[in-house]
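What follows is a single structure, written as structure tokens, with notes after it.
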There are 2 protein chains.
Amino acid sequence: MAIRKVVERQTGVALWRQIADRIRLAISNGDYDAAGMVPPETVLAGEFGVNRHTVRSALAALAEEGLVRAVQGRGTMIERKERVSYPISRRTRFSQGLGRQVKEIGTRLLGHAGISASGEIATSLGIAPGDPVIELRTVSSGDGRPLSVSSSYYPAARFPRMAEEFEQLHSVTKAFAAHGLDDYVRVSTEIVARHADGDELAKLKLSAGAIVLETHSINADLDGRPVEYSRSCFAADRMKLKIET
Amino acid sequence: MAIRKVVERQTGVALWRQIADRIRLAISNGDYDAAGMVPPETVLAGEFGVNRHTVRSALAALAEEGLVRAVQGRGTMIERKERVSYPISRRTRFSQGLGRQVKEIGTRLLGHAGISASGEIATSLGIAPGDPVIELRTVSSGDGRPLSVSSSYYPAARFPRMAEEFEQLHSVTKAFAAHGLDDYVRVSTEIVARHADGDELAKLKLSAGAIVLETHSINADLDGRPVEYSRSCFAADRMKLKIET
DNA sequence: TACACTTGTCTAGATCAATAGACATTTGAG
DNA sequence: CTCAAATGTCTATTGATCTAGACAAGTGTA
């Protein structure tokens, strides 16, 4: 059959990258599960209507990501296909949600700072502009692959030891508990998608041109008072967000 | 000051496109609101560390999108900056949610078909593989700009006249009501981000390399029986998703 | 072993992306 | 009016991307 899959020229996105993105999507959709392999280069070249060399560039990029492995004479095998599902609900907790999908979860503290709340941070936390907040910058990984980078903000008046507690306990939930807050719920989450900037590419170990899902979320205590405002960037080709309502 | 904003070379994404994406983001973040204009080409070229011609290519792409307008001698003015917020909650209804953000909302039926349920459709609707479902393909616009394309699936046994009713009433909620279903709720929504394919680029009138937010959502009646499974693609640079939990 | 099929490598040429510099044209302020 | 500042247009050059074709080398099957 050889359905012609459309790629566009002169758009500022190289053909090999468009094709790499399409193949990555097909792998993660399970389109090639039957064989466990990507179709031969000549077949892909035919489907996309490009030269075989262009397909090879795309496959080389995916091999660089560790997604596929080419073996001369046999073909190109799929090494990894999963896209981790991150559940968002009233009881969103980072490590719990990923649960069985990844064996080993790590959240590393990149840095922390005491700053004064500006526009969106103050609004989201329901405090006055200029009030002190504590900022935690973290990167989270699953099985060694970075999944997200976050900046989280906490009202310093209520959670003065947030940075130190988090450093010790490696958990926001436990750091809240150390301040006497036993429970909290997700109030709202905003989601946008965009291209990753240079800093995110480095921290998430992405190849440039990659997409991130950026979320702005607010957690509140059971009385509805905001306790955390958080901006996270998820590597879009490794994650999906699952909203439970 | 002239902070060096990072763009990466040899990544398969042209510099002018990376820069266009960054400027679009800055506009939508309101970074240039004070002046109502984009900084001069020479300044942008300095910030990004590229030639002025490269910046001009980026601005030309944004002008093509209708986001900015350049005037010789004056500068490049911002024409449009909003990103429509689409709320997702238990009571998600397309047109209600957009409400005051856009004046005029339209959902156009691209086509419909009677098909038999395959894997994900059957699973999501809780019916047997091979059972008949009705597929509606639609494109939704706000103030003339296309915002999303969707394929929605309904169990034909329960909603046999879905296509005809929708065609008449231009509303899923009303078409459900015509079948005797007065209320339904959003059960789950999965969100991934990826590059748009050729078909989506055309239907959403995007410039290639653009990003879409793809959602897979399930709506159910008040007894928890699924009534709709829907796959939607939102133009990521025009929309954000707001989750209320 | 012989063969079909696959990936790996090389060369050469065409087109696109980016840089560099020069100069024209328009606008708004003094 | 005069001038500075901004966008518009042109030429030339370099490097990246894509195409085209040929052949080498590894794999699995008959």
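Reckoned from all heavy atoms, side chains included, excluding hydrogens, waters and symmetry mates. Lettering of chains follows the sequences in order, A, B, ..., and the numbering in each one begins at 1.
- Between the CE atom of Met37(B) and the C1' atom of dT27(C) there is a distance of 10 Å, rounded to whole Å.
- Put simply, Thr54(A) has a side-chain N or O that comes within less than 4.0 Å of OP1 or OP2 on dT19(D).
- Of the residues in residues 68-78 of chain B, those lying under 4.0 Å from DNA chain D by heavy-atom distance are Ala70(B), Val71(B), Gln72(B), Gly73(B), Arg74(B), Gly75(B), Thr76(B).
- Taking the six-membered ring where tryptophan is involved, the planes of Phe234(B) and Tyr86(B) are tilted, since the angle between them lies from 30° to 60°.
- A distance-only check finds a donor-acceptor pair linking the side chain of Arg238(B) to the backbone of Pro146(B) [under 3.5 Å].
- When each of Ser232(B), Ser217(B), Ser230(B) is paired with Ser152(B), the side-chain hydrogen bond (donor to acceptor under 3.5 Å, both in side chains) condition holds for Ser230(B) and for no other.
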Q) Are Thr138(B) and Val149(B) close enough, and set up right, to give a side-chain contact (heavy atoms from CB on, under 4.5 Å), and what steps lead you there? A) CA-CA 6 Å; Thr138(B) 56; Val149(B) 288; over 6 Å; no
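- Within the 4.5 Å cutoff, the side chain of Arg24(A) has no heavy atoms near those of the His195(B) side chain.
- At a threshold of 4.5 Å between non-hydrogen side-chain atoms, the residues Gln72(B) and Arg74(B) do not count as touching.
- An angle of 30°, rounded to 10°, separates the two end axes of the helix from dT1(C)-dA30(D) to dG30(C)-dC1(D), each defined over five pairs.
- Of the candidates dC18(D), dT19(C), dA6(D), the closest approach to any side-chain atom of Ala14(A) belongs to dC18(D).
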Q) Between Leu59(B) and Glu41(B), is a side-chain contact (heavy atoms from CB on, under 4.5 Å) present by the stated rule, with each step listed? A) CA-CA 9 Å; Leu59(B) 290 174; Glu41(B) 294 168 353; 3.7 Å; yes
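- A salt bridge between Glu244(A) and Lys242(A) is absent, with no side-chain N of the basic residue lying under 4.0 Å from a carboxylate O of the acidic one.
- Atoms CG (Leu59(B)) and C1' (dG8(D)) sit 13 Å apart, rounded to a whole Å.
- Distance CD (Glu41(B)) to C1' (dT19(C)): 15 Å, rounded to an integer number of Å.
- The shortest distance between side-chain heavy atoms of Glu135(B) and His112(B) does not fall below 4.5 Å.
- Positionally, the nearest nucleotide of DNA chain C for Pro39(A) lies more toward the 5' end than for the other of Asn51(B) and Pro39(A).
- Atom CD1 of Ile134(B) is separated from atom CD1 of Ile115(B) by 10.0 Å, given to the nearest 0.5 angstrom.
- Comment: Arg231(A) engages Glu120(A) in a salt bridge, judged by a side-chain N to carboxylate O separation of less than 4.0 angstrom.
- If you take CG of Leu15(A) and C1' of dA16(D), they are 13 Å apart, rounded to a whole angstrom.
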Polar-atom pairs under 3.5 Å, protein N or O versus N or O of nucleotides 9-11 of chain D: list them with distances, or write none.
unit_1  : atom_1 : unit_2   : atom_2 : d
dC10(D) : N4     : His53(B) : NE2    : 3.4

